[in-house]
Amino acid sequence: MTDHDARDAAPVDDPIEVRRARLDAIRAAGQEPYKLSFDVTARAAGLAATHAGLEPGSETADTVSVAGRVVAIRDQGKVAFVVLRDSTGDLQLFCRPNAMGEDGFAEVKELDLGDWVGASGTVLRTRRGELSVAPTSVVLLSKSLRPLPEKFHGLTDTETRYRQRYVDLIVNTEVRDTFMKRFAIIASIRRYMESQGYLEVETPMLHPIPGGATARPFATHHNALDMQLYLRIAPELYLKRLLVGGFEAVYEINRSFRNEGISVRHNPEFTMLEAYRAFTDLRGMMDLTEGIVRTAASEVLGTLSVTYQGASIDLGSPWRRATMIELTSDAAGEDVSFARSVDELRALCAKHEAPVEAGWGKGKLITELFEKLVERTLVQPTFVTDYPLETSPLARKKPGHPELTDRFELIITGREFANAFSELVDPVDQRERFAAQMAAKVDGDDEAMGYDEDYLRAMEYGMPPAGGMGIGIDRLVMLLTDSASIRDVLLFPHLRPES
RNA sequence: GGGCCGUUAGCUCAGCUGGUAGAGCAGGGGACUCUUAAUCCCAAGGUCAUAGGUUCGAUCCCUAUACGGCCCA
């Protein structure tokens with residue numbers, strides 16, 4: 001059987017098979033390749049800070065235990081340099097047989113890139129200036145069976161980066177930095193909200209009637225109740241029920257779901273902050289929005305001047321305030337307002353290649369013109385105010401202007417970041433708004449809001465005057481981390497299944 | 001939904017006018033007691049996304065599909 005002999009003798013060139021063989025050999029030698037735990041006494045960043053003044057070529061008596069993933073091995077025969085990566089940074093192990101024994105040194109040479117190891121030894125700085133731990137022992141904590149991507153270029157294939165984010169996080173340290181900023185931004189927002197007296201609450205994600213926004217929902221089914229449920233498109237109507245219940249300031253940071261297209265700005269599930277406060281109005285929500293964004297930027301970035309995709313954004317100066325109608329009229333070079341007839345507005349939409357559909361009223365047409373002509377031009381933070389009633393079914397009417405609402409959207413870098421109103425608290429008015437939404441739904445608008453009778457009942461018990469605001473957390477993180485795509489700020493962005 | 005682009009070794013990339021594929025890193029064997037993308041020597045590694053078509057012959061040209069990217073709606 002020469003074939004068989006040849007196969008047995010042939011070197012194994014599949015990296016996974018090589019590692020499996022090592023795993024078997026470790027077990028055969030009576031060792032456990034997946035340890036229970038390891039007592040860590042120091043981390044890479046901490047050592048770098050405490051030993052910053054250590055001179056090249058000098059040793060200390062400081063004994064530490066460190067742990068991390070092996071990301072590089074430079075084997076020089078009787079010396080081996082192993083680079084460990086922990087959650088704070090990288091640290092070199094300076095391995096020599098005279099410090100750790102011939103057997104221990106031989107085990108170091110059996111390590112693979114990707115293995116988790118723990119090491120104990122003294123701190124020194126090599127003659128070449130690299131802070132290192134010279135271990136007296138190195139223990140394998142968890143054996144890796146798959147090869148890591150190339151050490152210099154890392155992992156660049158976007159599809160693999162998103163599908164196997166764990167690998168992306170291992171080898172692309174700037175990705176970890178982006179997510180560390182994301183977590184810091186959200187923590188900053190929670191601290192700020194608490195400092196402003198808001199309670200963080202949790203409301204249902206499974207809604208019998210999708211509401212609080214105009215968007216297509218994901219539908220699901222509850223078996224025991226045999227009923228259709230929807231993943232929430234917004235938490236708004238539940239949070240405002242809490243105002244009725246007497247909580248004066250509430251907020252929620254969590255996922256909402258919209259059954260719509262995927263783009264660099266849209267993921268089917270996304271994170272939103274919504275906040276509601278009794279006895280305030282749109283002006284209070286402007287202050288809150290500025291406070292949240294400025295606090296997050298200064299705490300996480302240390303500056304209110306940020307660069308987004310090459311554009312300088314000034315978050316510090318007072319944010320511009322302008323009405324939709326004045327902005328759109330300026331851009332169109334003529335009056336775009338409710339003074340124009342529906343036919344004139346439709347003609348303007350056609351002229352400027354804005355979408356037009358049968359049944360749209362003046363308010364919807366003006367909004368389309370705004371989005372077509374103005375929105376992407378607003379690079380610096382701008383509160384756009386006075387949104388049409390037609391597209392704002394939950395906002396209070398603007399006094400003296402029955403076709404407008406007391407609402408703003410915050411636009412930065414040409415994109416919507418936040419949306420806020422003086423809340424509609426009049427149950428009779430709200431019932432009329434829902435009826436208009438139902439009429440739109442009958443006309444084929446599948447984004448129209450559902451008629452939520454329980455929400456009306458709550459309002460009829462009395463909702464205090466209030467301001468409310470929602471801010472897209474993913475987009476805020478994109479802005480503050482200079483990320484071009486929402487996928488770069490979502491740990492596991494939505495992708496089609498692998499074929 | 002439409003347009004354009006991409007898919008070659010584990011990873012990062014080459015591949016000429018159509019003649020059955022190369023490199024670096026990783027992995028394997030060897031040398032080396034201060035390396036930093038260590039260095040040096042040797043050997044190995046491929047269903048060229050998938051399915052069809054054109055052709056004597058296809059990684060290359062054509063069609064479709066899958067997945068991804070960018071732009072538009």
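Numbers restart at 1 for each chain; the letters A, B, ... are given by sequence-line order, proteins then strands. Since the structure is predicted, the reported quantities are computational estimates derived from the model, not experimental observations.
Ranking B/U12, B/A26, B/U36 by closeness to the A/Pro147 side chain, first place goes to B/A26. Checking B/U33, B/A37, B/C34 against the side-chain heavy atoms of A/Lys151 singles out B/A37 as nearest. Counting only heavy atoms from C-beta on, A/Gln76 has its side chain closest to B/C32 among B/C32, B/C11, B/G28. Checking B/U33, B/C34, B/A37 against every side-chain atom of A/Arg127, the shortest atom distance belongs to B/C34.
When both distances must be under 3.5 Å, the Watson-Crick or G-U wobble mate of B/A14 does not exist. Remark: B/G68 base-pairs with B/C5; criterion is Watson-Crick or G-U wobble with both hydrogen-bond distances under 3.5 Å. Pair assignment for B/G45 gives none, since no Watson-Crick or G-U wobble pairing has each distance under 3.5 Å. Of all nucleotides present, none satisfies the Watson-Crick or G-U wobble test against B/A38 with each distance under 3.5 Å. Pair check for B/C56 finds B/G19; Watson-Crick or G-U wobble, both atom distances under 3.5 Å. In this structure B/A51 sits in a base pair with B/U63, meeting the Watson-Crick or G-U test at under 3.5 Å. Pair assignment for B/C32 gives none, since no Watson-Crick or G-U wobble pairing has each distance under 3.5 Å.
Going from the P atom of B/G6 to that of B/C16 covers 14 Å, rounded to whole Å. Remark: the separation of the P atoms in B/A43 and B/U50 is 30 Å, to the nearest Å. With C1' as the reference atom, B/G10 and B/G28 are 14 Å apart, rounded to whole Å. Separation of the P atoms belonging to B/U36 and B/G30 is 23 Å when rounded to the nearest angstrom. Remark: the separation of the P atoms in B/G2 and B/U63 is 16 Å, to the nearest Å. Of the C1' atoms belonging to B/A66 and B/G27, the separation is 30 Å, rounded to the nearest Å. Taking the P atoms as reference points, B/A21 lies 15 Å from B/A44, given to the whole Å. With C1' as the reference atom, B/U20 and B/A58 are 9 Å apart, rounded to whole Å.
Taking 90° from 0 as the syn/anti boundary, the base of B/U20 is oriented syn.
Contact annotation: A/Thr156 side-chain N/O to B/C13 OP1/OP2 distance is under 4.0 Å.
Screening residues 47-69 of chain A for salt bridge (Lys or Arg N to Asp or Glu O under 4.0 Å) gives no qualifying pairs among residues at least two apart or on separate chains.
Donor-acceptor pairing under 3.5 Å is recorded for the side chains of A/Ser483 and A/Thr481.
Taking CG of A/Asp90 as the start and CZ of A/Arg85 as the end, the distance is 4.0 Å to the nearest 0.5 Å.
The main-chain N or O of A/Lys364 is found under 3.5 Å from a side-chain atom of A/Glu390 such that the two form a donor-acceptor pair.
Using a 4.0 Å cut-off between charged nitrogen and carboxylate oxygen, A/Arg163 and A/Glu159 count as a salt-bridge pair.
By the 30° and 60° cut-offs, the orientation of the rings of A/Phe94 relative to A/Phe81 is parallel.
Separating the CD1 atom of A/Ile73 from the P atom of B/A38 is a distance of 11 Å, rounded to the nearest angstrom. Across the protein-nucleic acid pair, A/Gln164 atom CD and B/G10 atom P stand 13 Å apart, rounded to whole Å. Taking atom CZ of A/Arg74 as the reference point, atom P of B/C25 lies 15 Å away to the nearest angstrom. Distance, A/Glu150 CD to B/C25 P: 9 Å, rounded to whole Å. The separation between A/Asp75 atom CG and B/A31 atom P is 10 Å, rounded to whole Å. The CZ-P distance, from A/Arg146 to B/G10, rounds to 12 Å in whole Å. Per the geometry, CZ belonging to A/Phe152 stands 12 Å off P belonging to B/U39, to the nearest Å. Following rounding to the nearest Å, A/Leu111 (CG) and B/G27 (C1') show an atom-to-atom distance of 15 Å.
Nearest heavy atoms, A/Ser120 versus A/Phe38: OG-CZ, 4.1 Å.
If you run salt bridge (charged side-chain N to carboxylate O under 4.0 Å, His left out) between A/Asp474 and each of A/Arg182, A/Arg255, A/Arg265, A/Arg487, only A/Arg182 comes through.
More than 12 heavy-atom neighbours from other residues, nucleotides or ligands sit within 6.0 angstrom of CG on A/Asn98.
Nearest-nucleotide assignment on RNA chain B puts the 5′-proximal partner with A/Leu155, out of A/Leu155 and A/Arg125. Where A/Leu148 and A/Gly154 meet RNA chain B, the nucleotide closest to each residue was compared, and A/Gly154 sits on the side nearer the 5' end.
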Protein-nucleic acid N or O pairs under 3.5 Å, nucleotides 68-73 of chain B:
residue, atom, partner, partner atom, Å
B/G68, OP1, A/Arg496, N, 2.8
B/G68, OP2, A/Arg496, NH1, 3.2
B/G68, O4', A/Glu159, OE1, 3.1
B/G68, O2', A/Thr158, OG1, 3.3
B/G69, OP1, A/Arg487, NH1, 2.0
B/G69, OP2, A/Arg487, NH1, 3.0
B/A73, OP1, A/Lys372, NZ, 3.4

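Contacts of A/Gly57 with the nucleic acid, taken as non-hydrogen atoms under 4.0 Å apart, are absent. Nucleic acid contact class of A/Leu113 (heavy atoms, under 4.0 Å, all strands): sugar-phosphate only.
For A/Phe218 and A/Tyr230, the distance between ring centers is not under 6.0 angstrom.
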